[in-house]
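Every number for a ligand or one of its atoms is a count from 1 in the order of the listing.
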Amino acid sequence: MATVLTERRLARESVPRFELDSWRDWGLRAGITGREGDFDLGLFAHGPAGRVLSNWLLFDRSHQPEFRAIAVASQVHRSTVREHNGSAAGWLVGDAIDGHLTGEPGLLLTITVADCIPVYLAHPKSATVALLHAGWRGIADGILETGLQRLSQSCGCVMGDIIMHCGVGICGSCYEVGPEVIAQVTGAAVAHAGKLDLRAALADRAARAGLREITVSSWCSSHDGELFFSHRRSRGHDGRMLAYLGRPGPSM
Ligand SMILES: [Zn+2]
């Protein structure tokens, strides 16, 4: 069963953000930005481009000099996972990619979210990490299983050595969906619309795949609305947070 692990809100930062202290103990940075100051990072959404780019520059600067490169892509709610190798620098921009994977220090993986679940995966011994964008469509398309398989192949580990955290996203109480969505995500045949807990569904799938260490955030992007953006609560008008994961590299 998954246990609760809550991202800590960092104080006095130029970028509003929340991080997992226990992942920092493994030498990793795992976190997500917040909405304070309307800190929209939705490059591929509808926010004012000038402000969004300024926010990205602030975000980039706040990770210097530990991260020389940031991976970002437009996301399409499918299950494509891209592995990043070699010592890249700058912003690695991709198209139609919902998951990123790397064993490179100094490369920060990012995905944008506003209700979908950011899934953080790591093999702490080799510091190989993956970050997945998991809404119901991506989960149904197998993004978690693809990410786990690619990560275990990349570092040559067994599933039981991978740790997983399901981060800030919409909670089960706030997310009502039709029976066809519940069926595709959980495999359960139901007759009516109902509540769907995406993090619980991801935790179930991960446990079936063989993971033993699974945690879930207690934050909800919808009912903790003063701290986070929510696509559903705002009826599509909100900005995007940026979830991030990586191992700091040597400064250049
Ligand atoms: Zn909620």
Less than 3.5 Å apart, which donor and acceptor atoms pair up between the side chains of residues 184-194 and the rest of the protein, not counting sequence neighbours?
residue: Thr186; atom: OG1; partner: Ile182; partner atom: O; Å: 2.7
residue: Thr186; atom: OG1; partner: Ala188; partner atom: N; Å: 3.1

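- Inspection of the environment of the Zn ion (ligand 1) yields the following protein N, O or S atoms under 2.8 Å: Cys171 SG, Cys174 SG, Cys220 SG, His223 ND1.
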Extract all donor-acceptor atom pairs below 3.5 Å that involve side chains of residues 92-107 and protein atoms in other chains or at least two apart in sequence.
residue: Asp95; atom: OD1; partner: Ser74; partner atom: OG; Å: 2.5
residue: Asp98; atom: OD1; partner: Val76; partner atom: N; Å: 3.4
residue: Asp98; atom: OD1; partner: His77; partner atom: N; Å: 3.2
residue: Asp98; atom: OD1; partner: His133; partner atom: ND1; Å: 2.6
residue: Asp98; atom: OD2; partner: Val76; partner atom: N; Å: 3.0
residue: Asp98; atom: OD2; partner: His77; partner atom: N; Å: 3.2
residue: Asp98; atom: OD2; partner: Arg78; partner atom: N; Å: 3.2
residue: His100; atom: ND1; partner: His84; partner atom: NE2; Å: 2.9
residue: Thr102; atom: OG1; partner: His84; partner atom: O; Å: 2.8
residue: Thr102; atom: OG1; partner: Glu104; partner atom: N; Å: 3.0
residue: Glu104; atom: OE2; partner: Gly86; partner atom: N; Å: 3.4

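- Val4 belongs to a hydrophobic cluster whose remaining members, ordered by chain and number, are Val216; membership requires side-chain heavy atoms of ILVMFWY residues under 4.5 Å apart, directly or through intermediates.
- Aromatic ring pairs are classed by plane angle as parallel below 30°, tilted from 30° to 60° and perpendicular above 60°; the pair Tyr120 and His165 is tilted.
- Ionic pairing of Asp238 and Arg233 is present here: one or more N-O contacts between side-chain nitrogen and carboxylate oxygen are shorter than 4.0 angstrom.
- A salt bridge does not link Arg232 to Asp115: none of the charged nitrogens lies less than 4.0 Å from a carboxylate oxygen.
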